[in-house]
Amino acid sequence: MGILQIVGIAIVCALLCAVLKQYRPEYASVVQIAACVLILLLIASSLSELVGAIRELIEGSGIHTGYLTLLLKALGIAILTQLAADACRDSGETALSHKVELAGTVTILLLCLPLVKAMVQLSTGFLKG
């Protein structure tokens, strides 16, 4: 993923959409969606490298690999939530975007609840013993 490619796509899309909104506003949304999909595809290619690097760090440190799964799930939920909230905000649905963000936060908290429970039990054990 080249950041210059992504920035270039975003700038060209923004300029094209500004022109299209004056003459053919219905095409501006199509151009935006196409640019978003293209940028996401460029990012996805680097995401596998990131996951591999995190996996190596977790396995090398001796930490339970279940934590890696938890981390990746939370990261995925956060990214999807942000994308959905941004799409809602872009379409003028600010209240809906806030609800999507709240749902994502609650989902991540529920996902991490077993980890928090284990930490509380561990710290309670240290205090008692």
Side-chain angles (χ1 to χ4, degrees):
M1 168 187 72
I3 191 65
L4 292 177
Q5 289 175 321
I6 292 173
V7 170
I9 291 168
I11 290 172
V12 168
C13 176
L15 293 173
L16 189 57
C17 286
V19 172
L20 283 174
K21 283 181 183 178
Q22 293 176 358
Y23 302 106
R24 302 290 268 184
E26 62 274 7
Y27 291 141
S29 296
V30 174
V31 170
Q32 283 178 332
I33 291 170
C36 288
V37 168
L38 183 58
I39 289 171
L40 286 174
L41 289 174
L42 288 170
I43 292 171
S45 65
S46 295
L47 194 58
S48 63
E49 293 177 33
L50 179 63
V51 170
I54 292 172
R55 181 168 305 191
E56 287 177 20
L57 286 173
I58 294 289
E59 289 173 355
S61 67
I63 298 174
H64 188 269
T65 56
Y67 297 135
L68 171 66
T69 304
L70 184 68
L71 174 68
L72 293 176
K73 284 181 182 179
L75 182 62
I77 291 168
I79 290 170
L80 289 175
T81 300
Q82 187 65 47
L83 288 172
D86 287 344
C88 291
R89 246 188 303 282
D90 288 346
S91 66
E93 298 295 331
T94 307
L96 184 59
S97 73
H98 292 300
K99 302 313 177 273
V100 169
E101 289 172 344
L102 178 62
T105 302
V106 169
T107 304
I108 290 173
L109 287 174
L110 286 173
L111 180 70
C112 294
L113 200 55
L115 180 61
V116 172
K117 183 179 176 182
M119 288 174 49
V120 168
Q121 289 174 346
L122 182 65
S123 61
T124 306
F126 283 141
L127 292 174
K128 288 182 180 178

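Heads up: numbering here begins at 1 and tracks the sequence. Keep in mind that this is a model prediction, so the values were computed, not measured.
Rounded to the nearest 0.5 Å, atoms CD (E26) and NZ (K21) are 12.5 Å apart. To the nearest 0.5 Å, atom CG of residue L41 and atom SG of residue C36 are 11.0 Å apart. Put simply, CG on L16 and CD1 on I11 are 13.5 Å apart, with the number rounded to the nearest 0.5 Å. With rounding to the nearest 0.5 angstrom, the CD atom of Q5 is 8.5 Å from the CG atom of L38. The distance from atom SG of C17 to atom CD of Q22, rounded to the nearest 0.5 Å, is 12.0 Å.
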Only distances under 3.5 Å count here; give the side-chain donor-acceptor pairs of residues 68-82 to other protein atoms, sequence neighbours excluded, each with its distance to 0.1 Å.
residue	atom	partner	partner atom	Å
T81	OG1	I77	O	2.7
Q82	NE2	D86	OD1	3.0
Q82	NE2	D86	OD2	3.4

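Shown here for A85 and V100, the closest heavy-atom pair between the two residues is N-CG1, 4.0 Å.
Linking Ile, Leu, Val, Met, Phe, Trp and Tyr residues whenever their side-chain heavy atoms come within less than 4.5 Å places I108 and M119 in a single cluster. Hydrophobic cluster membership differs between I6 and V37, with clusters built from Ile, Leu, Val, Met, Phe, Trp and Tyr side chains linked at under 4.5 angstrom. Cluster membership check: L57 does not share its hydrophobic cluster with L50, using side-chain heavy-atom separations under 4.5 Å among Ile, Leu, Val, Met, Phe, Trp and Tyr.
Residue pairs meeting the salt bridge (Lys or Arg N to Asp or Glu O under 4.0 Å) criterion with at least one member in residues 91-104, sequence neighbours excluded: R89-E101.
Looking only at distances, a side-chain donor or acceptor of S91 sits under 3.5 Å from a matching main-chain atom of C88.
Side-chain contact between L83 and L40 is present, with heavy atoms from C-beta onward closer than 4.5 Å.
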Show your working on side chain to side chain contact (heavy atoms under 4.5 Å, CB included) between L109 and V116 and close with a plain yes or no. CA-CA 9 Å; L109 287 174; V116 172; over 6 Å; no

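Within 6.0 Å of the CG atom in L15, the count of heavy atoms belonging to other residues, nucleotides or ligands exceeds 12.
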